[in-house]
Protein chains: 2
Amino acid sequence: MSIRLVSWNVNGLRAVSAKPEWRWFAENTCDVIGLQETKAQPEQLTPAVASPAGWEAHWASSVVKKGYSGVAVFSRIKPLAVRCELPQPEWQGEGRILHLEFEKFHFFNGYFPNGGAEEVDEHGKPVPGRFKRVPYKMGFFEAFTAYAEECRKSKPVVVCGDFNIAHRPIDLARPKQNEKNTGFLPEERAFLDRFTALGYVDTFRHVHGDLEGQYSWWSYKTRAREKNIGWRIDYFFVSEELRPAIRDAWIESDVYGSDHCPVGLELDI
Amino acid sequence: MSIRLVSWNVNGLRAVSAKPEWRWFAENTCDVIGLQETKAQPEQLTPAVASPAGWEAHWASSVVKKGYSGVAVFSRIKPLAVRCELPQPEWQGEGRILHLEFEKFHFFNGYFPNGGAEEVDEHGKPVPGRFKRVPYKMGFFEAFTAYAEECRKSKPVVVCGDFNIAHRPIDLARPKQNEKNTGFLPEERAFLDRFTALGYVDTFRHVHGDLEGQYSWWSYKTRAREKNIGWRIDYFFVSEELRPAIRDAWIESDVYGSDHCPVGLELDI
DNA sequence: CTTTGCAGG
DNA sequence: CCTGTAAAG
């Protein structure tokens, strides 16, 4: 028996689901799909998109700002329990976390905060390497990790989503140029060091080792995808206990419709 | 000798000038073109659009709000003088009036204020027949008329533009339904009664009499143009002294690219 | 419905 | 560049 899971930052589910590329959903053969940046409440979507036949749909939408953030999980397997957002009110309201408890593992779908725009000093001059939302981002990661560790006491953990961090130089096309850009800052990378040190396995690297040029996001701004100038910031992590269950992990770089592409994981379970 | 003038509310010059319909400009054989709702500063346009060879271009752009209102005049004839906006600061800042003095007449290109949204009472309930900007609109018309009359003392006047008023029931497809809508309110119509009583001739009616079904604007909202559910709110008026010079007046209802179509005037001069 | 501006990514 | 808002027409 195996279970297949996929994660995709869709950059606006209303937009993607109106494109021909959304056939990806109908053609998919996986069991669980985690979407990020849905930027919509289910009521704003057509029923075929919001409540597809054969799937159970769960939503966490932003309540602080319309059309912002938001995650969804479609599952062919009925979860034992579902929880939206992190436990503390401090980290709630942006629609960033969905937690589905399945029989064999806790599943988390996360849209982790973007570092935001560069800080400016009192004269309006940008401060290199300082980004407005990096403190929030780091706090969110710490709170998430504590919650995941808590859940892990009962059963193994699977975490997917857009982490907005490339872990190592091999995980982005231009590491040197981006050492002072959010997404590849030392403190952001250090979080993934700690996270993996806790026993969360980067399943793509577990399967593919140091294979180069493997990315899941390309900036729209410079048509970077044509040249594969990308970042690997979308992940499937599993807690150490599930390492033996990793059958496959992949990046669906032939799937278009968003500035991210889907990433996937197959577990023997 | 004759002079041909055309007026067009383009509803965003950046948008129109990027459409194939903008060939209208290149194919035009008139001498003076007045545009309204340009919604752009000339710097935001390509040089071919902002400074076309063979034309002199003049601009009055909104300074109170970006991408709002704005008028332009392209002329193959060099004017003796050019003036932006009305003389009083009270009516300046929205980029609504361009005044070009030619040898034989004063030319005004106007984008007269829209009546705006319906007023709401203290409970948020709409007040039928009351519109937020109708007072501003009426004040603007009075100030414009005073200025035109002042200029008329030296030579005849030609006024074109979007008046945002249908004068008589024949000037819109659904007069009964719109008696309480801005654009056909009694007080707005009464302004055009006074304006024409002062001796400003509606050149289209002068040439075509009570020809029905002739409109220059159709709402995008209901695909009204397909059914010719329109309003004639774009005009060429000339002061009485020029009545004998009116050779032709027309509506270019086959020209697309905006929710308005161009209207034109040919004068023997 | 359509064009703008703007925030956010 | 692209997806969302909202204001205005």
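Proteins get letters first, then strands, A, B, ... in listed order; numbering begins at 1 in each. Side-chain atoms are counted along with the backbone in the values below, which use heavy atoms only and exclude waters and symmetry mates. Remember, predicted model here, so these are calculated numbers, not experimental data.
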Point to revise | Charged tip of A/Arg225 within 45° of A/Tyr256 ring normal and under 6.0 Å | key: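 Cation-pi check for A/Arg225 and A/Tyr256: passes.
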For [X] and [N], give me the distance from atom [atom1] to atom [atom2], rounded to whole Å.
X        : N     : atom1 : atom2 : value
A/Asn164 : C/dG8 : CG    : P     : 15 Å
A/Tyr111 : D/dT3 : OH    : C1'   : 11 Å
B/Lys19  : C/dC1 : NZ    : P     : 15 Å
A/Asp259 : D/dC1 : CG    : P     : 14 Å
A/Glu37  : D/dT5 : CD    : C1'   : 14 Å
B/Asn114 : D/dA7 : CG    : P     : 16 Å
A/Lys137 : C/dG8 : NZ    : C1'   : 14 Å
A/Trp8   : D/dT3 : CH2   : C1'   : 14 Å

Review point. What closest approach, in Å, do B/Arg232 and B/Asp202 show between heavy atoms, and which atom pair accounts for it?
Key: NH2-OD2, 2.6 Å
N or O in side chain of [X] less than 4.0 angstrom from [N] OP1/OP2:
X        : N     : answer
B/Tyr220 : C/dT3 : no
B/Tyr68  : C/dT3 : no
B/Lys65  : C/dC6 : no
B/Lys66  : C/dT4 : no
A/Arg14  : D/dT5 : yes
B/Lys39  : D/dA7 : no
A/Gln44  : D/dT5 : yes

Review point. When rounded to the nearest 0.5 angstrom, what distance separates CZ in A/Arg189 from CG in A/Asp171?
Key: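 One gets 9.0 Å once the value is rounded to the nearest 0.5 Å.
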Exercise for review: Would you kindly compare A/Val16 and B/Trp217 by the position of their nearest DNA chain D nucleotide and give the one closer to the 5′ end?
Suggested key: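 Residue closer to the 5' terminus by nearest nucleotide: A/Val16.
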Check your understanding: When you match B/Gly116 and A/Lys221 each to their closest nucleotide on DNA chain D, which lands nearer the 5' end?
Key -> A/Lys221
Pairs under 3.5 angstrom only: tabulate donor-acceptor contacts from the side chains of residues 125-132 of chain A to other protein residues two or more places apart or in another chain.
| unit_1 | atom_1 | unit_2 | atom_2 | d |
| --- | --- | --- | --- | --- |
| A/Arg130 | NH2 | A/Glu119 | OE2 | 3.3 |

Exercise for review: Go through B/Tyr147 and B/His99 one step at a time and tell me if the side-chain hydrogen bond (donor to acceptor under 3.5 Å, both in side chains) criterion holds.
Suggested key: CA-CA 10 Å; B/Tyr147 182 51; B/His99 169 197; 2.8 Å; yes
Check your understanding: Can you tell which of D/dC1, C/dT4, D/dT3 lies closest to the side chain of B/Ala15?
Key ->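 Nucleotide nearest to B/Ala15's side chain: C/dT4.
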Practice item. Mind checking B/Lys132 for me? I need base, sugar-phosphate or nothing, with any heavy atom below 4.0 Å counting as a touch. Key: nothing
